[in-house]
> 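Here you go, one structure.
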Amino acid sequence: MSSYNILPSLSSPTGNLPASVSQSQARGILNADLHCHSIVSDGTMTPEALAERAKAEGVELWALTDHDEIGGQHRAMAAAKANGMRYLTGTEISVTFAGETVHIVGLGFDPDDAALTLGLKQTRGGRSQRAMEMAEGLAKVGIQGAFEGALKFVSNPELISRTHFARFLVESGVCKETHEVFRKYLTEGKPGYVPHRWASLRDAVHWITEAKGMAVIAHPARYKFTANEEYALFSEFKAHGGLGVEVVTGSHSALEYVRYAATAQEFGLAASRGSDFHCPVESHTNLGGLPFLPGALTPVWELLADRIQ
Ligand code: AMP
Ligand code: MN
Ligand code: MN
Ligand code: MN
């Protein structure tokens with residue numbers, strides 16, 4: 001099947017489906033939202049409030065995927081159950097690959113796995129030091145008190161992230177919105193940017209897989225890779241045992257859905273769908289608010305059927 005045949009199934013979950021939805025297209029038709037963040041990392045809502053919001057937005061299968069943290073998993077699982085929603089355990093691991101930060105989502109793992117818990121704890125380890133260096137960089141351009149300011153927005157002391165700095169710079173009137181903060185202060189070459197060495201791709205994929213979960217490349221269109229580097233990412237990821245890629249995400253355009261649907265097929269990876277929702281006012285994609293997965297792909301939830309709670 002050519003990648004163009006997937007276009008008819010890119011309809012909205014609430015919109016009308018084409019009359020001729022084929023069997024293969026129907027496979028992707030589930031309002032699964034397998035990527036979002038709570039106060040356990042850099043989201044602004046509790047796992048419980050997210051579960052209620054997801055349910056209200058029509059999500060049928062949900063995963064909370066906090067950055068480098070699984071501390072919210074039991075709460076999210078219970079909240080999904082209380083709302084009559086199916087659930088997959090989740091996390092989003094920060095990885096350094098070819099000099100870039102890449103995110104690897106883990107789904108359907110044992111939330112009490114000791115090696116995964118330890119690996120994530122190590123991955124979180126350098127964040128406080130990095131945050132102090134970020135604040136020093138910002139102080140040099142006249143923005144004082146950014147470390148303490150960002151901390152006011154942090155709920156998990158081990159998880160201070162650029163997002164918390166962005167919220168502080170908006171609150172203090174330096175920028176109008178968080179995207180502007182990232183553009184002007186928090187990305188490579190800007191005063192508050194501090195390079196950081198995260199987990200290796202191999203370790204992240206192994207932690208997830210050995211905890212009986214599935215590793216998924218998050219929002220591949222976001223990385224600034226050459227074609228060769230991207231090829232290396234996908235092939236090394238597969239060689240380590242990775243099985244999925246996000247195709248429909250809040251970070252992709254419609255054209256990128258098509259592009260990464262083709263990549264999923266090329267590499268024989270299952271496809272995932274997730275909003276990457278963080279906050280009602282900052283996130284441009286709501287929970288459950290994305291188009292369905294293109295039909296010709298194997299949805300990650302088919303391979304994780306026995307891991308769904
Ligand atoms: P960190 O893990 O501290 O490097 O922070 C990464 C987080 O920053 C991501 O997970 C996003 O939530 C957020 N982020 C990255 N780039 C942007 C951007 N351009 N606009 C808004 N948020 C961003
Ligand atoms: Mn984030
Ligand atoms: Mn991410
Ligand atoms: Mn995310």
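Start at 1 and go down the list; that is how both ligands and their atoms are numbered. The basis for the numbers below is simple: all heavy atoms, side chains too, and nothing from hydrogens, waters or symmetry mates.
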> Quick one: report the N, O or S atom of Asp42 that is nearest to the Mn ion (ligand 2).
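For Asp42, the N, O or S atom at the smallest distance from the Mn ion (ligand 2) is OD2.
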> Heavy-atom count around Lys212 NZ within 6.0 Å, excluding the residue itself: above 12?
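Open.
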> Between His284 and His179, how do the two ring planes meet: parallel, tilted or perpendicular, split at 30° and 60°?
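Tilted: the ring planes of His284 and His179 meet at 30° to 60°.
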> Output, by chain and residue number, all protein N/O/S atoms separated from the Mn ion (ligand 4) by less than 2.8 Å.
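Those protein N, O or S atoms (cut-off: under 2.8 Å from the Mn ion (ligand 4)) are His35 NE2, His37 NE2, Glu92 OE1, Asp276 OD1.
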> Would you mind checking if Glu60 and Arg86 are paired as a salt bridge, meaning a charged N to carboxylate O distance below 4.0 Å?
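A salt bridge is absent here (no side-chain N lies under 4.0 Å from a carboxylate O).
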> Salt bridge between Lys224 and Glu188, side-chain N to carboxylate O under 4.0 Å?
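Salt bridge absent between Lys224 and Glu188.
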> Do the side-chain N and O atoms of Arg197 and Thr96 include a donor-acceptor pair separated by under 3.5 angstrom?
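No, no side-chain donor-acceptor contact under 3.5 Å.
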> In Å and rounded to the nearest 0.5 Å, what is the CD to CG distance from Glu158 to Asp68?
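Here the interatomic distance stands at 10.5 Å.
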